[in-house]
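All remarks here apply to the structure that follows.
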Number of protein chains: 2
Amino acid sequence: MTSVSELTDHTGFRMRMVSNAVSQAFARKVEAEGVTVAEWVFLRALYNTAPMPPSVLAGSMGMTRGAISKLADRLLEKGLIERTDSPSDKRAHSLSLSAEGQAKVPVLAALADENDAAFFGVLTPAEHRQLDHLLTVLAERSGLRAAPVD
Amino acid sequence: MTSVSELTDHTGFRMRMVSNAVSQAFARKVEAEGVTVAEWVFLRALYNTAPMPPSVLAGSMGMTRGAISKLADRLLEKGLIERTDSPSDKRAHSLSLSAEGQAKVPVLAALADENDAAFFGVLTPAEHRQLDHLLTVLAERSGLRAAPVD
DNA sequence: TATTGTTATACTCTATAACTATA
DNA sequence: TATAGTTATAGAGTATAACAATA
């Protein structure tokens with residue numbers, strides 16, 4: 001019989017604990033740059049790619065079209081992305097980084113580097129590689145290819 | 001010089017991706033039991049412990065008192081926790097699981113087991129142990145002892 | 001004055017579904 | 001009819017800060 005005191009520690013629980021701490025710290029950092037974490041993921045997805053319709057972004061970010069639409073509105077207001085109407089389909093358009101957005105991505109990436117260093121720097125290089133490997137395996141075997149957002 | 005195409009994959013980013021997928025799947029599972037993930041964490045924190053004032057819970061869950069207050073309201077409405085006024089301090093009270101809450105925790109824990117198995121079962125036992133170890137190291141060295149909530 | 005806890009306000013993220021315009 | 005995208009609505013989570021009651 002299983003008594004309640006034997007509640008196991010769940011890997012998912014522990015991962016959430018670490019991941020949330022990392023993300024919250026990162027959120028503070030990018031806030032100083034005037035963007036949210038979701039906006040960073042959005043900008044990152046557009047970096048070095050051809051302009052993309054929102055529907056494609058929704059798929060690659062693992063978000064609904066409605067959520068993408070709201071995010072895109074904010075980024076347009078901030079002047080970080082641009083919208084280009086499709087010449088062939090009057091319903092459709094593509095999104096791409098503006099010059100300002102283009103310039104902002106490396107700045108945000110540097111903050112992500114800093115944040116990673118602060119949290120994962122406590123691991124030995126071998127441990128850090130191990131972790132990356134395990135996360136990659138988990139993402140691949142679970143069919144993930146998208147960006148997490150919250 | 002660093003060109004934009006060399007944007008590294010961040011460990012924090014990858015972890016968030018995996019963690020979010022795990023959490024979202026878990027959220028679906030506990031939803032069937034009528035609770036949210038935050039409520040599960042709350043109930044779990046009260047399991048097998050002495051009654052706790054909300055301020056202590058806030059600390060151990062890494063949430064503000066305001067957030068705990070809202071969560072506690074919901075759990076009281078659902079009849080899963082109980083409130084006991086402090087005899088010595090008329091401002092204070094303690095929270096504990098109701099009989100129903102007590103009974104619910106193992107059910108939710110079983111769902112967490114299932115969820116862990118579904119996601120981390122793709123790892124070999126050795127890899128799974130490695131991951132647990134790494135997450136524990138990260139949590140400890142980052143001063144985390146709390147539960148993530150979002 | 002300081003502390004316990006609640007409440008008010010506000011924002012992000014998310015999802016569902018209704019809706020508009022075009023195909 | 002189907003598709004691209006927007007908008008409306010709602011709910012969960014979070015934080016800050018003002019507030020009430022008590023210490």
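These numbers come from the heavy atoms of this one structure, side chains and all, not from hydrogens, waters or symmetry mates. Residue numbers begin at 1 in each chain, while the letters A, B, ... track the order of the sequences.
Every residue was checked against the side-chain hydrogen bond (donor to acceptor under 3.5 Å, both in side chains) condition with Arg65(A), not counting sequence neighbours, and none meets it. Residues forming a side chain to side chain contact (heavy atoms under 4.5 Å, CB included) with Thr64(B) (at least two apart in sequence, or on another chain): Ala67(B). By the salt bridge (charged side-chain N to carboxylate O under 4.0 Å, His left out) test, Asp89(A) pairs with Arg91(A), sequence neighbours left out. With sequence neighbours excluded, the residues that form a ring pair (Phe, Tyr, Trp, His ring centres under 6.0 Å) with His128(A) are Phe120(A). Scored by the side-chain hydrogen bond (donor to acceptor under 3.5 Å, both in side chains) test, Ser69(B) finds no partners at all (sequence neighbours excluded). In this structure, Ser96(B) has no side-chain hydrogen bond (donor to acceptor under 3.5 Å, both in side chains) partners at least two apart in sequence or on a different chain. The salt bridge (charged side-chain N to carboxylate O under 4.0 Å, His left out) check on Asp116(B) picks up nothing, with sequence neighbours excluded.
Ranking dT6(D), dC13(C), dT14(D) by closeness to the Arg83(A) side chain, first place goes to dT6(D).
Spacing between atom CG of Leu75(B) and atom C1' of dT6(C) amounts to 16 Å, rounded to whole angstrom units.
Sorted by first and then second residue, the ring pair (Phe, Tyr, Trp, His ring centres under 6.0 Å) pairs with a member in residues 62-114 of chain B form an empty list; sequence neighbours excluded.
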Less than 3.5 Å apart, which donor and acceptor atoms pair up between the side chains of residues 25-36 of chain A and the rest of the protein, not counting sequence neighbours?
residue  : atom : partner   : partner atom : Å
Lys29(A) : NZ   : Asn115(A) : OD1          : 2.9
Thr36(A) : OG1  : Glu39(A)  : N            : 3.2

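Against DNA chain D, the stretch residues 85-94 of chain A makes heavy-atom approaches under 4.0 Å through Arg91(A), Ala92(A), His93(A).
Put simply, Ser55(A) has no side-chain N or O that comes within less than 4.0 Å of OP1 or OP2 on dT3(D).
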Atom pairs under 3.5 Å, N or O on each side, protein against nucleotides 16-20 of chain D: can you list them with distances?
none

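Between its two ends, the helix from dT1(C)-dA23(D) to dA23(C)-dT1(D) turns its axis by 30°, counting five pairs per end and rounding to 10 degrees.
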